[in-house]
Q: 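After the structure tokens below, expect a handful of questions from me.
All residue numbers in this chain count up from 1 along the given sequence. All ligand and atom numbering here is 1-based and tracks the order in the structure. Basis for what follows: all heavy atoms, side chains included, without hydrogens, waters or symmetry-related copies. The structure presented is a predicted model; accordingly, all values stated were derived computationally and were not measured.
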Amino acid sequence: MSDVVRDTLARPLASLRISVTDRCNLRCRYCMPEDDYVWLPRTSILTFEEITRLVSVFAGQGVRKVRLTGGEPLLRHDLAKLVEMIARDPSIEDLAMTTNGLLLAKQAAALRAAGLERVTVSLDTLRAERMLAFAKSPRHADVLEGIAAAREAGFAKLKLNAVVIRGFNDDELADLIEFGRGHDAEVRFIEYMDVGGATRWSRDQVVSQQELLDVLARRYGAIEPIAGDGRAPAERFRLADGTTFGIIASVTAPFCRTCDRSRITADGTWFLCLYAGQGIDLREPLRRGASDDELASLIRETWQGRSDRGAEERLSVADRGALYRIDSLRADPHREMHTRGG
Ligand code: SAM
């Protein structure tokens with residue numbers, strides 16, 4: 001086992017998000033607002049064996065946490081098989097998945113049995129008609145069923161992600177907290193980010209961490225911050241009755257200085273930052289027959305040169321607007337949030 005690999009800001013290579021598909025069965029306004037997209041070519045999509053091999057090489061360089069994402073990860077056929085293959089690696093201490101929950105009810109038990117430890121379900125609204133308008137899907141009940149199935153399957157504490165957008169769901173903060181409380185799940189409010197895909201982003205639609213806390217304090221009284229290890233993206237808080245929740249303040253209080261995360265797209269492109277312009281092609285050496293040592297060197301040397309602070313740099317942009325327009329996303333789908341995985 002090698003020593004911890006650190007980048008130029010002393011951030012360890014520790015956490016990997018793997019997008020297993022760029023396809024999604026929702027069309028959320030803040031991520032995939034168009035009906036159709038330029039998809040990654042099918043032949044470029046990594047096989048389960050290729051993903052598992054990369055995970056093992058990354059684990060040799062210090063990665064301990066893996067999160068499966070997408071697109072919608074449950075659209076990838078036989079995902080439980082991939083979970084089982086990754087879970088066999090004893091170096092991976094935390095194997096999790098982020099899903100929109102539409103297909104979770106059918107798959108939760110098999111995923112848990114295969115070794116998936118934690119699940120985060122995206123739940124932006126409790127109102128079916130809002131989901132229909134905002135994500136172009138009438139399947140709100142399926143998401144709720146998925147959440148129930150995840151609880152029954154026995155995952156470690158369930159998390160619910162809600163991207164808060166002014167004028168869309170900012171009147172549901174307390175409702176979401178209550179829902180989480182009633183379903184033994186922790187809600188994490190996410191500031192609306194100007195990532196690729198969020199082509200309709202504007203600063204005035206972002207509800208800041210401070211504003212979220214002010215609204216919740218008016219309803220619940222004093223809110224106490226919970227000390228963390230500084231590496232998780234969410235800051236956690238506790239209400240007087242003990243209910244906890246998190247806020248991911250990537251827009252107003254970015255956490256680049258402690259970010260140990262990187263992302264692999266479904267076609268094996270490695271991004272060191274959600275905002276990075278370019279990724280590193282790992283599929284080419286993988287398919288050319290590179291040895292584990294060669295891959296490990298490439299990964300280690302690339303990470304040691306990492307200096308990305310994408311969200312902090314965005315903070316200093318005057319007249320901040322959407323990061324990309326739809327034509328530049330079509331020119332390179334790797335810029336899309338649904339390709340990089342959230
Ligand atoms: N399909 C899965 C899901 O919905 O959870 C996984 C992929 S999705 C890209 C991962 C996370 O990114 C979701 O929680 C989603 O809400 C979040 N996300 C997407 N676009 C975002 C944006 N513009 N700002 C903040 N979060 C965003």
Q: Would you say V119 and I147 make side-chain contact, with heavy atoms under 4.5 Å?
A: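 They are not in side-chain contact.
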Q: Going by the atom numbers of ligand 1, which of them fall below 4.0 Å from some non-hydrogen atom of V195?
A: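 With V195 as reference, the close atoms of ligand 1 come out as 22 (C), 23 (N).
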Q: If we set the cut-off at 4.0 Å for heavy atoms, which region of T69 has an atom near ligand 1: side chain, backbone, both, or neither?
A: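 Side chain only; the backbone of T69 stays clear of ligand 1.
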Q: Kindly give the heavy-atom pair with the smallest separation between V20 and R76, and that separation in Å.
A: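 Looks like O-NH1, 2.9 Å.
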Q: Do any nitrogen or oxygen atoms of D124 come within less than 3.5 Å of a nitrogen or oxygen of ligand 1?
A: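 No; every N/O pair is 3.5 Å or more apart.
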Q: Decide whether an N or O pair under 3.5 Å exists between M193 and ligand 1.
A: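 M193 vs ligand 1: N/O contact under 3.5 Å present.
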Q: Would you please say whether a donor-acceptor pair under 3.5 Å links the side chains of T125 and E172?
A: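 E172 and T125 do have a side-chain donor-acceptor pair below 3.5 Å.
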Q: Whether R340 engages the ring of F271 as a cation-pi pair (distance to the six-membered ring centre under 6.0 angstrom, angle to the ring normal within 45°) should be assessed.
A: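 Flagged: R340 positioned over aromatic ring of F271.
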Q: Is there a donor in the side chain of D22 and an acceptor in the side chain of Y37, or the other way round, less than 3.5 Å apart?
A: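 Y37 and D22 do not have a side-chain donor-acceptor pair below 3.5 Å.
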Q: Below the 3.5 angstrom mark, is there an N/O of N161, backbone or side chain, next to an N/O of ligand 1?
A: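 Yes, since at least one N or O of N161 sits under 3.5 Å from an N or O of ligand 1.
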Q: Considering only non-hydrogen protein atoms, determine which one is nearest to atom 21 (C) of ligand 1 and report residue, atom name and distance to 0.1 Å.
A: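 Going by distance alone, atom 21 (C) of ligand 1 is nearest to Y30 CD1, 3.5 Å.
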Q: Only heavy atoms of C31, strictly under 4.0 Å: list the atoms of ligand 1 that pass.
A: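 Heavy-atom distances to C31 below 4.0 Å select 19 (C), 20 (N).
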Q: Tell me, yes or no, whether the heavy-atom count around E178 atom CD, taken from other residues, nucleotides or ligands under 6.0 Å, exceeds 12.
A: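 Enclosed.
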Q: Which of the atoms in ligand 1, numbered in the order shown and given with their element, are less than 4.0 Å from a heavy-atom of A198?
A: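 In order of number, 23 (N).
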Q: Check ligand 1 against E191 and write out every atom of the ligand that is under 4.0 Å from a heavy-atom position of the residue.
A: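 Reading through ligand 1 atom by atom, the close ones are 25 (C).
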Q: Will you find, in the side chains of T120 and R67, an N or O donor that is under 3.5 Å from an N or O acceptor?
A: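 Yes, a side-chain donor-acceptor pair sits under 3.5 Å.
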Q: Return the closest protein heavy atom for atom 14 (O) of ligand 1 as residue, atom name and distance.
A: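 Scanning the protein heavy atoms, the shortest distance from atom 14 (O) of ligand 1 goes to S122 OG, 2.9 Å.
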Q: How about K106: does its NZ atom have over 12 heavy atoms from other parts shown lying under 6.0 Å from it?
A: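 Open.
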Q: Just wondering, are more than 12 heavy atoms of other shown residues or ligands nearer than 6.0 Å to CZ in R42?
A: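 No.
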Q: Which residue and non-hydrogen atom of the protein lie closest to atom 18 (N) of ligand 1, and at what distance in Å?
A: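 Minimum-distance protein heavy atom for atom 18 (N) of ligand 1 reads M337 CE, 3.6 Å.
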Q: Can you confirm whether or not the ring centre of W270 sits under 6.0 Å from the ring centre of F58?
A: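 Yes, the ring centres sit under 6.0 Å apart.
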Q: Mark up the atoms of ligand 1 that fall under 4.0 Å of a heavy atom belonging to Y192, in ascending order.
A: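 Close to Y192: 23 (N), 24 (N).
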Q: To the nearest 0.1 Å, how far is atom 26 (N) of ligand 1 from its closest protein heavy atom, and which atom is that?
A: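 Nearest protein contact, heavy atoms only, for atom 26 (N) of ligand 1 is V163 CG2, 3.5 Å.
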Q: Testing R203, R320, R325 for salt bridge (Lys or Arg N to Asp or Glu O under 4.0 Å) with D194, which one passes?
A: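 Of the listed options, the one satisfying the test is R320.
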Q: Checking R139 against D142 for the salt bridge (charged side-chain N to carboxylate O under 4.0 Å, His left out) test, could you report, in this order, the C-alpha distance in whole Å, the side-chain angles of both residues, the deciding distance, and whether it holds?
A: CA-CA 5 Å; R139 299 179 56 188; D142 291 347; 2.7 Å; yes
Q: Using a 4.0 Å cut-off to any heavy atom of G70, which atoms of ligand 1 qualify?
A: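 Here the atoms of ligand 1 in question are 7 (C), 9 (C).
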Q: Find all atoms of ligand 1 within a distance of less than 4.0 Å from any non-hydrogen atom belonging to I190, and give their numbers and elements.
A: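 The list of qualifying atoms is 25 (C), 26 (N).
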Q: Taking non-hydrogen atoms only, is L26 closer than 4.0 angstrom to ligand 1 via side chain, backbone, both or neither?
A: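 None of L26 does.
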Q: Considering heavy atoms of the protein only, find what lies nearest to atom 9 (C) of ligand 1 and give residue, atom and distance to 0.1 Å.
A: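 Scanning the protein heavy atoms, the shortest distance from atom 9 (C) of ligand 1 goes to G342 N, 3.6 Å.
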Q: If we only count N/O pairs under 3.5 Å, is G71 in contact with ligand 1?
A: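 Yes, at least one N or O pair falls under 3.5 Å.
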Q: Counting heavy atoms only, which part of H338 comes closer than 4.0 Å to ligand 1: side chain, backbone, both or neither?
A: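 H338 to ligand 1: no contact under 4.0 Å from either part.
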